[in-house]
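Input: a single structure, listed below in structure tokens.
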Amino acid sequence: MKYSLFSLARNALSHHERWPRAWRSPPPKQFYDVVIIGGGGHGLATAYYLARNHGITDVAVIEKGYIGGGNTGRNTTIIRSNYYLEPNAHFYEHSLKLWEGLSADLNYNVMFSQRGVVNLAHSYADLDNYSRRGNAMRLNGIDAELLTREEVSGMVPLLDCSSTARYPIMGGLLQRRGGTARHDAVAWGYARAADAGGVDIIEQCEVTGLRRDGNRIVSIETTRGVIRAKKIGLAVAGHSGHIAGMAGLRLPIETHVLQALVSEPVKPVLDTVVTSGAVHFYVSQSDKGELVLGGDLDMYNSYGQRSNLPPVEHAVQALLALFPSFSRLRMLRTWGGVMDMSMDGSPIIGKTPLDNLYLDCGWCYGGFKATPASGWCFAHTIANDQPHELNAAFTLDRYGLGKAIDEKGGGPYPWVH
Amino acid sequence: MLSIPCPYCGPRDVTEFSYGGDGNVRPPTGPDAASEAAWSAYVYLRANPRGVHEELWQHSAGCRRWIRVTRNTLTHEMHGSAPARASAAAS
Amino acid sequence: MPEAVRTYAFDACAAGAENSTVVAPGVTIAERRPRSMLNVRGDPADAGLASALRESFNVTLPLEPNTVTAAGATRALWLGPDEWLLVSERHALQPPASPGRGTLTDLSHGRAVLRLSGPDVRAVLAKGCGLDLHPREFPVDRCAQTAIAKVSVILDHVQPDVFDLYCPRSYARSFWGWVTEACAEYGCRIAPPAS
Amino acid sequence: MTQRFRLASGGLVDRSRPCAFSFDGRDLQGYAGDTLASALLANGVHLVGRSFKYHRRRGIFGAGAEEPNALVQLETGARTEPNTRATQIELYDGLTAASQNRWPTLDRDAGAIYNVFSRLLPAGFYYKTFMWPRSWWLRYEHVIRHAAGMGQSPRAPDPDHYAHRHAHCDVLVAGGGPAGLTAALAAARTGARVIVANDDFEWGGALLREAVEVDGRPGLEWIRNAVAELATYPDVTLLARSTVFGYFDHNLLGVVQAVHPRASHAPRQRLWKVRAKQVVLAGGAIERPLVFADNDLPGVMLASAVSTYVNRYGVAPGQRAVVFANNDSAYATALDLHRAGVVIAAVVDPRLDPKGELPTSARAAGIEILAGHAVARARGGKHVESVLAGPVDNGFVGAAQRELACDLLCVSGGWSPAVHLFSQSKGRLRYDERITAFVPDVSAQAERSAGAARGLFSLNRCLADGAEAGAAAAEAAGCRRISAAVPAALEVADDPMLPLWDIQSDATRTSKRFVDLQNDVTARDVALGVREGYRSVEHLKRYTTLGMGTDQGKTSNINGLAILAALIDAQIPDVGTTTFRPPYTAVTLGAIAGPEIGAHFDPVRLSPMHDTHEVAGARFINAGLWRRPMVYPRAGESDPDATNREVLAVRRKAGIVDVSTLGKIDVQGRDAATFLERVYVNRWRNLAVGKARYGLMLREDGLIFDDGTTTRIGEDRFHMTTTTANAGRVMSHLEYYLQVHWPELDVRLTSVSDHWAAVALAGPESRNVLAALTMADVGTAALPYMGYCEAIIAGVPARIFRISFSGELAYEINVPADYGAALWNALLDAGRAYELGVYGTEAMGVLRIEKGHIAGMEIDGRTTPDDVGLGGMVAADKDCIGKPLLARPALRAEDRKQLVGLVPVDGRSAIPKGAQLVVDPQRAAPNPIIGHVTSTCYSPTLIRPIALALLQRGRARHGEKLYATSPLSNTVVHVEVVPHVFYDPKGERLRA
Ligand SMILES: Cc1cc2nc3c(=O)[nH]c(=O)nc-3n(C[C@H](O)[C@H](O)[C@H](O)COP(=O)(O)OP(=O)(O)OC[C@H]3O[C@@H](n4cnc5c(N)ncnc54)[C@H](O)[C@@H]3O)c2cc1C
Ligand SMILES: NC(=O)c1ccc[n+]([C@@H]2O[C@H](COP(=O)([O-])OP(=O)(O)OC[C@H]3O[C@@H](n4cnc5c(N)ncnc54)[C@H](O)[C@@H]3O)[C@@H](O)[C@H]2O)c1
Ligand SMILES: Cc1cc2nc3c(=O)[nH]c(=O)nc-3n(C[C@H](O)[C@H](O)[C@H](O)COP(=O)(O)O)c2cc1C
Ligand SMILES: [Zn+2]
């Protein structure tokens, strides 16, 4: 049933008792052309674009819990394409363009809200850096504006723009087309659209082993039985290392936990997404009214998907350093997500040393915004057995070759990206 | 907040430490020392288990020793710690 | 040539201390100006080092982690398994010519020292310090390197309810601000610097 | 008349201390010991707010942390606090509160229109609409945003402050009810260090609402004695008004305490971080509502809350009550009300024959019990006026209904143990059929639950359980167990409850049955979610927002789960709970942040000469944690003019700059030179004592990590310098290699950064200035370029390094930090004769750009030595960190960006910061970028703008003309590529 105001009104008459399931829940078949492991945004988008762009519909997405329950469901939902290095810039800009049409494309309102993302500059060095980045963006066809302190203050009135602040605001880099989206809706919207395209979405099905024969994965062991597939795509974010390990691969990935938290909801006070590199922090206000804050990693390998006080303290301190008037609001909930931190802060989308195993990981802090383009490119790579030009640089072997794509220049220490 | 057992100073809050990652990477030696692949593996490939992990930490706000801690990355259960140096010398 | 003027890290902070008139303060803050601080590095088993230190300064290095040995006006603080800090209130500690295989580095100007004392001193320290400072766990002559308010601090329990806090000199003024704010709720007296 | 509903006597309020307060502009009165909620009820005010989505009228529902409805905007101005639970606000004189989420008034709220259209607004309606036209979403969203939210954020900085406190204990007890108090007593008696925290301002928990005896004495007396005994132990910390909000790894618990009473300088709240050896969780249990039509009317309240208002506050929340319960506990409420003179219209109980002790007493008191009945629907406009009750069969109430007039409906659907903290600790729950609730099962950390928190609902058993838990915890923490008498209370025999999750009737179609009162989630929403496939409990939560409000579903979770389970034909334990996460109740952000905000957000580092700079009128900048003088403008002088003046002073005469911020490491030991050979790309063994050398360090991946000069000050001793930004990282990196990989090296590192003040003295006159201050021979023969000596300067023992960042004859002078200011002033005095100036980081930057020296923008973590023109430094005949991977082809590729200089073709256009280099600036995007400007300035020496840039194949392009473009500032400058050393390329001046 197509979603629209009309169908909503019609169903209201029948007390909403006739809505169909958003996606089916079929039992797993024994064989698929393509199996995508991981029912996060990336896995679901990949399945959707396999069907939509490549006509490959004998596809299953296997999810150990519930779809969107990984980082897709626990991120701060910031969407932007303000990258400096070219492979990133083009890839994320493609993603942003897909976001702009996504609700219509999926017939599911993902509430992509282009409210603007501003990176605060706290020093002349920050301003130089942002100029460098913004200029590169503009040359790459991406919108960017450098704001003065007064302009920042005008957009974000509660920000402490006084010159005595510990990290004074000197200006900012604004991407107006950036914003946020409703994270869960992204997973559900892709699932519904993929399902409509024939994809089987199989939840509560954990991959427990990958049986390998020479250079191929011959079967996938799951908690719901053995499944075989011609091609297998891995899109399991922080679990990439663990599952690649089942196939005997060691990845340039470390798993770290990233914290987020929300405040109690209040009436609108913050209409722009505000981030600060210097204090490692980002905040936006959701449509329900909570302030959504993200912070730093725990800074050690971890699969413990739970909250931890020091990063929460730091994120809140950063918030209050910038927005002193929020100190009386309350923290409602905190949680953590299990991140796939790569060795250069950029993703890996492509082939692996195994013939029929493909990899989509290394998303670090930033993979939610990548969801559409990641699905687009990963589907392309799987369908054609070669990368799309947008993900050609994101290979697994780039590290050894000296072709790291290091946006921050932090080096091979994943927890610094 | 983790409590990390410094073999010298005793248990201290994690905020006193800085992380050094996988404790079992070693610069290639012997014939491997000439191999670019071995060096790449040393720099870019780390153990990333969901479970017991041997890792390095520096007690940076304390005695400044680098130590080797064995910790479960899922439960954060601690299985002991030792000076980083001792094991390095032993290997 | 005139004698050079020495300026202390807390100079501007402690100004006016003489006029501090809080009655029954929970905490008293005083700047310390030890004459000399010497960093000792070496093998605790190095007899040469031990005897050099004994002869020159009459100190024995503490071998138990996080403890202090005191000899007259000189305290030896354990900082690490091969590292100590010798602090003398009065003497200029001249490194002995041949300290065994150890190395001695003058750090007299590297750290600024505050002495906090009074009934609420533990409550103040606990505001920023994660260590267990209960007198049973952290008795007199125990020391620790730790972080307080994001500043690396050496904590030395010199007498009951009296703690010396060594912070890197460049952080001193910032740290002073934190400490005085932390003390405020308990009533805080600022005593003149003691050298 | 005020306080119409206050009982003549009873309760813990202090009738001699009235408190005037106002709600929505109405002036009212309560007593010390009241909460805002009890005071409102005493005045007959039930209606306190509007619901989140449909803007329905809502009243006070509970009496504590579980309250979903009664959220108010407390106070105004800078001290305003949104969404504050009236049930937990301790009343004080002068309190002002207002209702939320309504306009213009609580009674007449325009938002109530949403209730009219509620059919169009089922769970998740927004996912299905507002997609057309595409560009309109921001407009729709604007409306949605303004309808959502709840209270108002303060808009002024907080006048209060917050403190943190670390604590350690043997036993932390969370909860100060009967179980918590007996646990604390048992632990304290062993001599254990105990912290006991209770979120309420009164100790006693449920005992405060129960008219019962302990050890034959009134319950309140037992509480008083218990607290008094606890207060006598020196190692017991009693924290009232303190919520244990989070259970984190390694038995660290977060407690937030409201500081009371507040002395001057006292914080508003204090966040305790408690590292406990053992924990006793005694947070009690939370009563559950029942789900029936219009169960959200003001006047519908939890039965236990009603008991609390009657017994603890001396308030009767109504005059004629119906009690609707599926278990025995609410009969106590009926009896409490009865005793207080409230008419009990009936007790409605779905059980066919309730015959426990309490129902029996109720019957004996003449209270009518409608057994086998359920309430199908509450009726009323602004308040409940009556209920319709009838025989219930399998959750359905048929047409045979009886209307019972009432102004108070007390509901109880059973109890859920507060397993929040237990679950946060990662303990595993078990479903207990007997009480139809989840209870703690397997622990993951050193904790145990006690009392109602683990499903024991009899007071007598709670007392004993707490005592045992406290003793066991102390023992596990290493204390000696002692035997002591356990307090006792009468066992009250009760009947099992009868689960009743969703009560349907003919009203089902037209009325709403609320599951989550705060987020306006109805049983129908749950059904819709299930129908559409959002069947995982986590999906259901996210699709309907069930349990996502400020109460985190304390009263709604189990009902929601049970309804879901029934719809998908599953058992409740198979459905499972959603994840419990910190905090237990919401915690003020200010308390989380503590004092480390504002100026203390990060410490500031100051050089020993800071005050001197301030007196000299410096403008400062932040560089990492350091505050450094950027420029010293004179009156009326612009920053650029001042910078030019400072630069020219150095080039023509002399200048001094404070470089104390550089990292300095004393490297000592027999293997010091070997060590340096391994960490730097260049050679060190052959460096003579008394000589300095510029060194470059790589990361392990071959890219540049840091640079600086290192000087051999003794055979086995080097003085290493690092960049300001990397000082800490370099030290750790070096310690890592020494301790982990090269323990065999005899090398010791001591950070001496803070011990030495450092001044760079630069310019053609600098030698003369220096000579005026020292007896030492500083002539070029004795102290040549890259030479080192120790000398007394201005009466201070100093280390003099003849090194130059500026490109002029220059010295870096280090003196012990306390003499930094003296040195600085002596240099100024001596320099006066030579027109010596002071310069800041800005001028230092210009000098180094003119000289083509690299800094942070050139070594940005992506460049190799060769990229920045230093490829020749990499010694071919030795290994060092990073060298193996520096050999990778991509790091030696032809088309890498290389360091070049740029000058504007017209000789005067400034080259914009952050400009990118392109061949054709007019080209449409994407326009290929072939390089970028790293550092740019106006060179007063060369009288034209100059810049450094990284440019593809740059060294081969000298002489080429390109464009430096900055679309952000709309500027394009035609530039010529030149070698990167603009000034004195032969280095004659610095060797002078
Ligand atoms: C706190 C936080 C804040 C963030 N903020 C942002 C932001 O603002 N903007 C942004 O762009 N990005 C952000 N991110 C990153 C972003 O969330 C992720 O990069 C992105 O969602 C990853 O999507 P995914 O589909 O790859 O992974 P996931 O959504 O994690 O999906 C992976 C799925 O694989 C499943 N899986 C794992 N193991 C198995 C198995 N053995 N068998 C079957 N299934 C398995 C998991 O259950 C999971 O559902 C943030 C992340 C976090 C944690
Ligand atoms: N009759 C019944 O069915 C029934 C049901 C439940 C409880 N009860 C009664 O409740 C009592 C149970 O005693 P108890 O001691 O186990 O529980 P309690 O409810 O008496 O005490 C718990 C206390 O802990 C506090 N608290 C809760 N969470 C907290 C937190 N995170 N941090 C700090 N404080 C917190 C509460 O405010 C309360 O004061 C008994 O008197 C029992 O009879 C009866
Ligand atoms: C953008 C965003 C907004 C959220 N808003 C709320 C909220 O208003 N209320 C709430 O209880 N949780 C909110 N959450 C947190 C979720 O409840 C949940 O904690 C998170 O998705 C992680 O899942 P888990 O806690 O079940 O592991 C939000 C999460 C995200 C990512
Ligand atoms: Zn230590």
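Convention: sequence-line order gives letters A, B, ...; per-chain numbering from 1.
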Cut-off 4.5 Å, heavy atoms of chain D, and the answer for B:Leu56 is side chain
Tell me whether D:Arg428 at atom CZ has more than 12 heavy atoms from other residues, nucleotides or ligands lying less than 6.0 Å away. no
Roughly how far, to the nearest 0.5 Å, is the CD atom of D:Gln445 from the NE2 atom of B:His76? 10.0 Å
Quick one: does D:Gln739's side chain have a donor or acceptor within less than 3.5 Å of a partner on B:Arg64's backbone? yes
With a 4.5 angstrom heavy-atom cut-off, which part of D:Tyr737 approaches chain B: side chain, backbone, both or neither? side chain
So which bits of residues 3-17 of chain B come within less than 4.5 Å of chain D, counting non-hydrogen atoms only? B:Ser3, B:Asp13
Contacts of D:Arg888 meeting salt bridge (charged side-chain N to carboxylate O under 4.0 Å, His left out) (sequence neighbours excluded), chain-then-number -> none
B:Arg65 side chain near D:Glu735 side chain, heavy-atom distance below 4.5 Å: no
Residue-level contacts of residues 248-256 of chain D with chain B, using a heavy-atom cutoff under 4.5 Å: D:Phe248, D:Asp249, D:His250, D:Leu252
Is there any residue in residues 36-45 of chain B with a non-hydrogen atom under 4.5 Å from a non-hydrogen atom of chain D, and which ones are they? B:Glu36, B:Trp39, B:Ser40, B:Tyr42, B:Val43, B:Tyr44
If you tally heavy-atom pairs under 4.5 Å against chain D, which of B:Ala34, B:Ser60, B:Pro27 wins? B:Pro27
So for D:Arg699, is it side chain, backbone, both, or neither that comes closer than 4.5 Å to the heavy atoms of chain B? neither
Would you say B:Trp66 and D:Leu738 make side-chain contact, with heavy atoms under 4.5 Å? no
